[in-house]
Amino acid sequence: MKRTFIKDLKEKLDQTVTVQGWLQTLRDQKSMQFLIIRDHTGLVQAAHWKKGNPELAELISTIGTESSLTLTGKVVANEVVKLGGLELQLESVKIENNAPMPLPFEPNSDNLPEQDFRLDWRYLDLRRERNRKIFEIQTTAEQAMREWWLANGYIEMHSPKIVGAPSEGGAELFTLPYFETTAYLAQSPQFYKQMAMAAGFEKVFEIGPVFRADPSFTSRHMTEFTGVDMEISWINSHEDVMVAMEHWLAHVYQKVHDKHADEIKDLFDVDFTVPALPFPRLTMAEAYQILKTQGYKLPPERKGDLDPGAERALGAYVKQTCGSDFVFVKDWPVAVRAFYHMRHADNPGLTMSFDLLGKGLEITTGAQREHRVEVLTAQALDKGLSLEPLKDYFDFFRYGCPPHGGLGLGLSRLLMIMLDLPNIREAVYLFRGPNRLTP
RNA sequence: GGGGGCGUGGUGUAGUGGUUAAACAUGCGGCCCUGUCAAGGCCGAGACCGCGGGUUCAAAUCCCGUCGCUCCCGCCA
């Protein structure tokens, strides 16, 4: 018999149906048994009168919570049933996979184990509706990203993750043996999307894994995460990148809002709103002024940079004064940016770069890139980098690479701020950190 | 890499020097209950209080070390 989803049972009154799902609760009484069954569309009660089928009653008594079951029965309306006013009168139960008691933990109980333990049993943790919803929303968000890119002439790219040389720094690279030599795991598709600009692709995007060998122990860092990157050509400044980004992100928020706003309110208690355009923009100079008036004191060694506390303070300030969850902070000093960020022609101490803060969290870095190979080489030297490992990269800019810029965004960080998740480990399917390689 | 916090039955917590070496909730096992529904009632099993050392007449409780987890900073998305 064809499977019926639990949410559709109300249209099947007085019919015999098959339901498949997990046993959430068993109330095994003297003469009656009640099974609360869960599939991803909802919950339903299945009732069984023991004397009607003692054999089935005995079987039901052996089923552990969270076992996967296939049940058949007649759907009947019953006002007494608090769960939707209907129930399934059980005719048969097939235990697809029994879950022996006790479970490591019950995903739908009131007192959940601490997160690290739940990550050990991630598949049980993911059985909670709230956790499943995070990934439904992520799916909607990624689809919306692609909709916008495709509507705007972007090409999808997949750059290699095994690379022969560091693309930016060096310390945060994972190394791996590679036949007779050593390779690295890419910590960004940065150089390859720039190569696509040199190739004349004009607009590209990539959603893919990036690896960072930083031993970071925070609620917002991972050693492997999904990077969302885009890069566009023929821009006049980083402002063009910011304009593209805010339209793109607003589209993503609109689609997530259309499909999930009510669920997000119910499950995450977040009033999900589509951000207004344009996002507020602050130069770093302005940001410093604001921090001063807000009484936020940056450590002196952070001159020209923002620390996470400053980012939170700016996020709060912008929320309060503009009502915006987002703010671009732009025109960062050369000292704190990558060598390939283009510098202002009229102010060589500043880069044509930006960060996007969402609810005070850094979710994006972007910039116009330096596409003139002589200038780029000079800037690398200026940063004290050795040119040899960058030789192939410099070659991208020798024969007609157009002016271009782009950005990188952390997918899980976006989910964090969309849903007010306190920890990135909740926003990612399987977390990878310095001490977490399993499951 | 630097700093803070935590580590007690399966799980979540209480207990922070001493009445019977550990309490509560939940889960688990058993019994009871004409249909429960955050089910309820009774009974039961389950922790040498992360590990090692020390202080003390006495340590889950104080000290040191160690391991694990966690958060903050650094780094970044």
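The figures here come from the full heavy-atom set of this structure, side chains too, leaving out hydrogens, waters and symmetry mates. Order of the sequence lines fixes the chain letters, A, B, ..., with proteins taken first and strands second; residue numbering starts at 1 for each chain. The structure presented is a predicted model; accordingly, all values stated were derived computationally and were not measured.
- In this structure, A:Asp307 atom CG and B:C71 atom P are separated by 19 Å, rounded to whole Å.
- Looking at heavy-atom distances under 4.0 Å, A:Val210 makes no contact with the nucleic acid at all.
- OP1 or OP2 of B:C72 lies within a sub-4.0 Å distance of a side-chain N or O belonging to A:Ser219.
- One finds a side-chain N or O of A:Thr365 lying less than 4.0 angstrom from the OP1 or OP2 phosphate oxygen of B:A77.
- Residue A:Gly227 is out of contact with every strand shown, counting any heavy-atom pair closer than 4.0 Å.
- For A:Arg312, a side-chain nitrogen or oxygen approaches OP1 or OP2 of B:C73 to under 4.0 Å.
- Checking B:U36, B:C69, B:C76 against the side-chain heavy atoms of A:Glu311 singles out B:C76 as nearest.
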(request) Give the C-alpha distance, both sets of side-chain angles, the deciding distance and a yes or no for side chain to side chain contact (heavy atoms under 4.5 Å, CB included) between A:Asn131 and A:Arg122. (result) CA-CA 10 Å; A:Asn131 276 343; A:Arg122 182 62 165 159; 4.1 Å; yes
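- Heavy-atom minimum distance, A:Asp125 versus A:Phe105: N-CZ, 3.7 Å.
- Atom CZ of A:Phe201 is surrounded by 12 or fewer heavy atoms from other residues, nucleotides or ligands within 6.0 Å.
- The side chain of A:Phe34 sits closest to B:U36 out of B:U36, B:U11, B:A77.
- A donor and an acceptor atom never sit less than 3.5 Å apart when one is taken from the side chain of A:Glu106 and the other from the base of B:U26.
- Here A:Val228 lies out of heavy-atom contact (under 4.0 Å) with every strand.
- B:G1 is paired with B:C73 under the Watson-Crick or G-U wobble criterion, all donor-acceptor distances under 3.5 Å.
- Under the Watson-Crick and G-U wobble criteria, each requiring two contacts below 3.5 Å, nucleotide B:C6 is paired to B:G68.
- To the nearest whole angstrom, the two P atoms, one in B:C63 and one in B:G44, are 38 Å apart.
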(message) Applying ring pair (Phe, Tyr, Trp, His ring centres under 6.0 Å) to A:Phe354 and A:Trp332, what does each step give before you reach the verdict?
(response) CA-CA 7 Å; A:Phe354 64 90; A:Trp332 294 63; 10.0 Å; no
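- Base-pair partner of B:C42: B:G30 (Watson-Crick or G-U wobble, both distances under 3.5 Å).
- Judged by Watson-Crick or G-U wobble contacts below 3.5 Å, the nucleotide B:C57 has B:G18 as its partner.
- Between the side chain of A:Ser216 and the base of B:C76 there is no donor-acceptor pair of N/O atoms closer than 3.5 Å.
- Between B:U70, B:U36, B:G12, one nucleotide has an atom nearer to the side chain of A:Asn111 than all others, and that is B:G12.
- For A:Ser31, the side-chain atoms get nearest to B:G35 when compared with the rest of B:G12, B:C71, B:G35.
- Atom CZ in A:Phe105 sits about 10 Å away from atom C1' in B:U11, given to the nearest Å.
- Atom C1' of B:G17 sits at a distance of 49 Å from the matching atom of B:A77, rounded to the whole Å.
- Comparing atom distances between the A:Arg212 side chain and each of B:G29, B:C37, B:C76 picks out B:C76 as nearest.
- Note on A:Leu411: nothing from the nucleic acid sits closer than 4.0 angstrom, heavy atoms only.
- B:A38 and B:G27: their P atoms are spaced 13 Å apart (whole Å).
- Residue A:Arg118 is out of contact with every strand shown, counting any heavy-atom pair closer than 4.0 Å.
- Heavy atoms of A:Phe225 sit under 4.0 angstrom from at least one base atom.
- Residue contacts shown for A:Pro215 include a base, since a base heavy atom lies under 4.0 Å away.
- Side-chain proximity of A:Arg220 to the nucleotides B:C28, B:A77, B:C76 is greatest for B:C76.
- Within 4.0 Å (heavy atoms only), A:Met32 reaches at least one base atom of the nucleic acid.
- A:Asp116 places its CG atom 11 Å from the P atom of B:G12, with the value rounded to the nearest Å.
- With the nearest nucleotide of RNA chain B identified for both A:Val81 and A:Thr25, A:Val81 has the one nearer the 5' end.
- Around atom OH of A:Tyr429, no more than 12 heavy atoms belonging to other residues, nucleotides or ligands sit under 6.0 Å away.
- A:Asp28 places its CG atom 15 Å from the P atom of B:U36, with the value rounded to the nearest Å.
- For B:G7, its base never sits under 3.5 Å from the side chain of A:Glu114 at any donor and acceptor pair.
- Residue-level contact check: A:Asn78 touches the bases, meaning some heavy atom is under 4.0 Å from a base atom.
- The 5' end of RNA chain B is approached more closely, in terms of each residue's nearest nucleotide, by A:Leu112 than by the other of A:Leu83 and A:Leu112.
- Side chain of A:Pro308, nearest nucleotide from B:C28, B:C73, B:C72: B:C73.
- Between A:Leu71 and A:Ala46, the shortest heavy-atom distance links the atoms CD2-CB, 4.4 Å.
- Smallest separation of non-hydrogen atoms from A:His40 and A:Phe5: CE1-CE2, 3.6 Å.
- Contact annotation for A:Glu224: no contact, since no heavy-atom pair falls under 4.0 Å across all strands.
- Counting heavy atoms of neighbouring residues, nucleotides and ligands inside a 6.0 Å radius, atom CD of A:Glu129 does not exceed 12 of them.
- A gap of 15 Å separates the C1' atoms of B:U26 and B:A45, to the nearest Å.
- Put simply, A:Gln29 has no side-chain N or O that comes within less than 4.0 Å of OP1 or OP2 on B:C33.
- Using atom C1' as the reference point in both B:G9 and B:A23, the two lie 12 Å apart (nearest Å).
- Using P as the reference atom, B:G54 and B:A14 are 30 Å apart when rounded to the nearest Å.
- Shown here, B:A23 forms a base pair with B:U13; the pair counts as Watson-Crick or G-U wobble because both key distances fall under 3.5 Å.
- Here the side chain of A:His221 is nearest to one of B:U36, B:G12, B:C75, namely B:C75.
- Ion pair A:Asp116/A:Arg425 not flagged as a salt bridge, since none of the NZ, NE, NH1 or NH2 atoms sits closer than 4.0 Å to an Asp/Glu carboxylate oxygen.
- Relative to the side chain of A:Lys82, the nucleotides B:U36, B:A38, B:C73 differ in distance, and B:A38 lies closest.
- Nucleic acid contact class of A:Asn423 (heavy atoms, under 4.0 Å, all strands): sugar-phosphate only.
- Put simply, A:Arg436 has no side-chain N or O that comes within less than 4.0 Å of OP1 or OP2 on B:C69.
- A straight line from CG of A:Asp305 to P of B:C75 spans 6 Å, rounded to a whole angstrom.
- With distances taken from any side-chain atom of A:Phe217 to the nucleotides B:C28, B:C72, B:C37, the minimum falls on B:C72.
- Contact annotation for A:Ser412: no contact, since no heavy-atom pair falls under 4.0 Å across all strands.
- Here, B:C62 and B:G5 have their P atoms 12 Å apart, quoted to the whole Å.
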(message) Set out, in order, the CA-CA distance, both residues' side-chain angles and the distance that settles side chain to side chain contact (heavy atoms under 4.5 Å, CB included) for A:Ile290 and A:Leu282, then state yes or no.
(response) CA-CA 10 Å; A:Ile290 289 165; A:Leu282 297 171; 3.6 Å; yes
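- Nucleotides B:U11 and B:G50 are separated by 13 Å at their P atoms, to the nearest Å.
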